[in-house]
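Written out below as structure tokens is the structure these notes cover.
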Amino acid sequence: MGLNSFFTGLSGLNAQSSSINVIADNLANVNTVGFKGSTARFADLVSGGTRSRAGNPQQEGLGVTVNAVTPTLKQGVLQTTGRPLDIALDGSGFFSALDENGGAVFTRAGDFLLGEQGNLTTSSGYSVLGWQTAAADGAIPASGPVSPIAIPTDLSDPQKSTSSLGVSLNLDGEMATGESFAAPVEIFDSLGARHLLTLNFTKTGTLTWDYDVSIDGGELTGGTLGVPQSIASGTLAFGGDGKLDPATGVDGAAPAPITVSTPTTFLNGATGVNLTWDVLDTNSESRLTAFAAPSVVSTVDQNGFAAGNLTDLQVDSNGVIRGRFSNGRSFELARIAIASFSNEAGLQRLGGNSFATTRSSGEAIFGSPGEGGRGQLLGGALEMSNVDIAEQFTSLILAQRGYQASSRVITTSDEVTQEAINMKR
């Protein structure tokens with residue numbers, strides 16, 4: 001009798017022990033954010049053999065070995081946290097970052113932080129990669145080289161003086177001549193301070209109205225508190241359809257923007273306002289009407305605003321990080337890049353929830369979430385570990401039984417060998 005059975009049993013012990021180690025690691029990380037479990041894959045060992053008289057191969061196996069430990073990349077459960085910088089990746093792909101040596105690493109853990117300098121980092125302190133160069137319209141495109149994302153915590157949105165005003169309103173066409181309607185609108189000066197203009201309309205005829213734009217004189221240099229000061233006035237003419245007459249609608253001419261200007265500076269030192277009041281919308285339709293319905297203001301829009309400080313961050317499904325400011329405005333600050341690979345299973349584990357590329361995985365291909373098969377993002381949530389406890393304990397029982405069986409093979413081989421030695425006695 002040969003000794004192959006001892007080594008065959010030993011290979012079983014080693015393989016099952018490795019499997020138990022993998023299972024133990026999975027169970028230890030059952031609560032690790034973004035963790036992807038692994039599975040030990042076995043392969044048999046076959047010795048060289050001879051052919052039987054029938055011509056078929058005659059081989060004896062030499063046991064088993066761990067052929068590979070492959071990651072299980074199935075989606076983990078998404079858990080809502082409500083924290084703006086907790087970001088879950090729902091689908092394929094990885095977040096990308098730079099480690100302390102400037103090397104690229106990849107992770108599924110989206111529990112990000114803002115560092116002292118405003119750098120967006122992983123929980124391990126690695127700089128998250130993405131795009132920050134805005135296009136002309138302020139949007140952040142997913143193009144060009146990726147770089148570390150930085151969002152200064154003291155970011156502010158400077159004030160802007162109102163230069164354009166639009167008001168959609170109806171003047172009751174059944175009002176009696178001489179009756180009036182007033183519409184207050186808010187604007188901002190060059191310092192970002194708010195001021196109230198009043199649009200006054202007085203009916204002068206069947207389809208004609210006078211308009212007057214005024215401001216409290218106490219807000220202007222040299223003005224008197226409580227005394228309205230007119231800063232624009234004229235006439236409005238409506239057609240039989242209740243819309244501004246296309247030939248004589250504003251001041252006896254075709255409808256055009258009305259210039260509204262303060263004659264002096266504001267009392268707070270801000271420069272005077274010089275704005276245009278748009279009476280037509282972007283489709284050249286009248287924003288002022290004189291239908292037989294109650295006088296009412298539908299919408300008011302103007303392009304001025306006060307200064308504001310960054311108060312909150314939001315991340316949408318396309319990876320856009322949007323800043324919200326104390327003045328009520330919000331705009332795009334950055335876009336998170338998602339890396340995809342030709343073979344995700346070929347990535348190498350580095351620890352700290354991080355992976356690195358290998359020849360098997362291929363190089364990272366960066367793109368926007370939701371594009372090219374990449375998953376989408378969910379702000380205020382985290383992807384939890386994808387380890388299934390019940391499945392792991394089942395695998396642990398099988399590995400334990402395999403270990404016991406291999407140890408019994410060694411014990412039996414020892415007993416048989418002992419019997420052979422005892423034959424000489």
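Being a predicted model, the structure only gives us computed values, none of them experimental.
A 6.0 Å sphere centred on CG of Leu78 holds more than 12 heavy atoms belonging to other residues, nucleotides or ligands. When the shell of 6.0 Å around CD of Gln117 is examined, it contains 12 or fewer heavy atoms from other residues, nucleotides or ligands. Within 6.0 Å of atom CD in Glu186, more than 12 heavy atoms from other residues, nucleotides or ligands are found, so the atom counts as buried in its surroundings. Taking a 6.0 Å sphere around CZ of Arg287, one finds it holds more than 12 heavy atoms contributed by other residues, nucleotides or ligands. Open room surrounds CG on Asn31; 12 or fewer heavy atoms of other groups in view lie less than 6.0 Å from it.
Partners of Phe95 according to the ring pair (Phe, Tyr, Trp, His ring centres under 6.0 Å) rule, which considers only residues two or more places apart in sequence or in another chain, are Phe112. Ala334 meets the side-chain contact (heavy atoms from CB on, under 4.5 Å) test with Gln132, Ile149, Ile321; sequence neighbours excluded. Residues passing the side-chain contact (heavy atoms from CB on, under 4.5 Å) test with Asp157 are Phe305, Phe325, Asn327, Arg329, Phe331, sequence neighbours excluded. With sequence neighbours excluded, no residue forms a salt bridge (Lys or Arg N to Asp or Glu O under 4.0 Å) with Glu344. Not counting sequence neighbours, Leu398 has no partner by the side-chain contact (heavy atoms from CB on, under 4.5 Å) test. Residues meeting the side-chain hydrogen bond (donor to acceptor under 3.5 Å, both in side chains) test with Asp210, sequence neighbours left out: none. Contacts of Thr133 classified as side-chain contact (heavy atoms from CB on, under 4.5 Å), with partners at least two apart in sequence or in another chain: none. Applying the ring pair (Phe, Tyr, Trp, His ring centres under 6.0 Å) test to Phe106 and every residue at least two apart in sequence or in another chain returns Phe341. Scored by the ring pair (Phe, Tyr, Trp, His ring centres under 6.0 Å) test, Trp277 finds Tyr211 as partners (sequence neighbours excluded).
Using a distance-only test at 3.5 Å, with no hydrogens or angles considered, a donor-acceptor pair links the side chain of Thr411 to the main chain of Ser407. With hydrogens and angles ignored, the 3.5 Å screen pairs no side-chain donor or acceptor of Asp189 with any backbone N or O of His195. The backbone N or O of Leu220 lies less than 3.5 Å from no partner atom in the side chain of Thr264, so there is not a single donor-acceptor pair. Looking only at distances, a side-chain donor or acceptor of Asp316 sits under 3.5 Å from a matching main-chain atom of Asn318. A donor-acceptor pair is defined here as one N or O able to donate and one able to accept, closer than 3.5 Å; such a pair exists between the side chain of Lys203 and the backbone of Gly173. Side-chain atoms of Asn386 come within 3.5 Å of backbone atoms of Lys74 as a donor-acceptor pair (strictly under, hydrogens ignored). Checking side-chain atoms of Ser326 against main-chain N and O of Asn309 turns up a donor-acceptor pair under 3.5 Å. The backbone N or O of Ser190 lies less than 3.5 Å from no partner atom in the side chain of Thr271, so there is not a single donor-acceptor pair. Between the side chain of Thr65 and the main chain of Asn67, no donor-acceptor pair closer than 3.5 Å is present. Checking side-chain atoms of Thr162 against main-chain N and O of Phe188 turns up a donor-acceptor pair under 3.5 Å.
Listed by first then second residue, pairs satisfying salt bridge (Lys or Arg N to Asp or Glu O under 4.0 Å) with a partner in residues 80-95 read Arg83-Asp86, not counting sequence neighbours. Evaluation of the ring pair (Phe, Tyr, Trp, His ring centres under 6.0 Å) test over residues 7-45, restricted to residues two or more places apart or in two chains, returns none. For residues 355-413, the pairs satisfying ring pair (Phe, Tyr, Trp, His ring centres under 6.0 Å) are Phe94-Phe355, with sequence neighbours left out.
Between the side chains of Ser360 and Asn343, at least one donor N or O lies within less than 3.5 Å of an accepting N or O. No hydrogens or angles considered: a donor-acceptor pair under 3.5 Å links the side chains of Ser230 and Asp212. Of the N and O atoms on the side chains of Thr107 and Ser354, not one donor lies less than 3.5 Å from an acceptor on the other residue.
Inter-residue side-chain proximity for Pro369 and Arg374 is flagged as unmet; no heavy-atom pair is nearer than 4.5 Å. At a threshold of 4.5 Å between non-hydrogen side-chain atoms, the residues Val185 and Val213 do not count as touching. When side chains are defined from C-beta on, Phe6 counts as touching Thr417, because their heavy atoms get closer than 4.5 Å. Taking the side chain as every heavy atom from C-beta outward, Val105 and Leu350 approach each other to under 4.5 Å. You'll find the side chain of Ser124 stays beyond 4.5 Å of the side chain of Asn353, heavy atoms only. When side chains are defined from C-beta on, Leu236 counts as touching Leu244, because their heavy atoms get closer than 4.5 Å. At least one side-chain heavy atom of Thr235 sits less than 4.5 Å from a side-chain heavy atom of Asp251. Contact of the Val64 side chain with the Leu45 side chain is not registered, since no non-hydrogen atoms from C-beta on lie closer than 4.5 Å.
Taking both residues in full, the closest heavy atoms of Ser406 and Gly12 are given as OG-CA, 3.3 Å, listed atom of the first, atom of the second, then distance. Across Val273 and Ser161, no two heavy atoms sit closer than the pair CG2-OG, 4.5 Å. Minimum heavy-atom separation, Asn200 to Ser214: ND2-OG, 3.5 Å. Closest approach of Ser38 to Asn26, counting heavy atoms only: O-ND2, 2.8 Å. Scanning all heavy atoms of the two residues, the minimum distance from Ala232 to Thr259 falls at CB-O, 3.8 Å. Minimum heavy-atom separation, Asp172 to Ser295: N-OG, 2.8 Å.
Going from atom CG of Asp111 over to atom OG1 of Thr121 covers 9.5 Å, rounded to the nearest 0.5 Å. Once rounded to the nearest 0.5 Å, the distance linking CD of Glu383 with CD of Gln75 reads 4.5 Å. Atom CD1 in Ile187 sits 5.5 Å away from atom CD1 in Ile215 (nearest 0.5 Å). To the nearest 0.5 Å, the span separating CG on Leu10 from OG on Ser413 amounts to 11.5 Å. Here the CD1-CG distance, from Ile20 to Leu27, works out to 11.5 Å after rounding to the nearest 0.5 Å. How far CD1 of Ile151 is from CG of Leu85: 7.0 Å, rounded to the nearest 0.5 Å.
Salt bridge Arg349/Asp25: absent, no basic N to carboxylate O contact under 4.0 Å.
Only one option out of Val22, Val69, Thr70, Val66 pairs with Arg41 in a side-chain contact (heavy atoms from CB on, under 4.5 Å); it is Thr70.
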Output, in order, the C-alpha distance, side-chain angles, deciding distance and verdict of side chain to side chain donor-acceptor pair (under 3.5 Å) for Thr202 and Ser180. CA-CA 4 Å; Thr202 302; Ser180 299; 2.9 Å; yes

Would Ser385 and Asn29 satisfy side chain to side chain donor-acceptor pair (under 3.5 Å), going step by step from the backbone distance to the final call? CA-CA 7 Å; Ser385 171; Asn29 286 282; over 6 Å; no

For a side chain to side chain donor-acceptor pair (under 3.5 Å) check, start with the C-alpha distance between Ser163 and Asn303, then their side-chain angles and the critical distance, and finish with the verdict. CA-CA 7 Å; Ser163 61; Asn303 62 351; 2.7 Å; yes

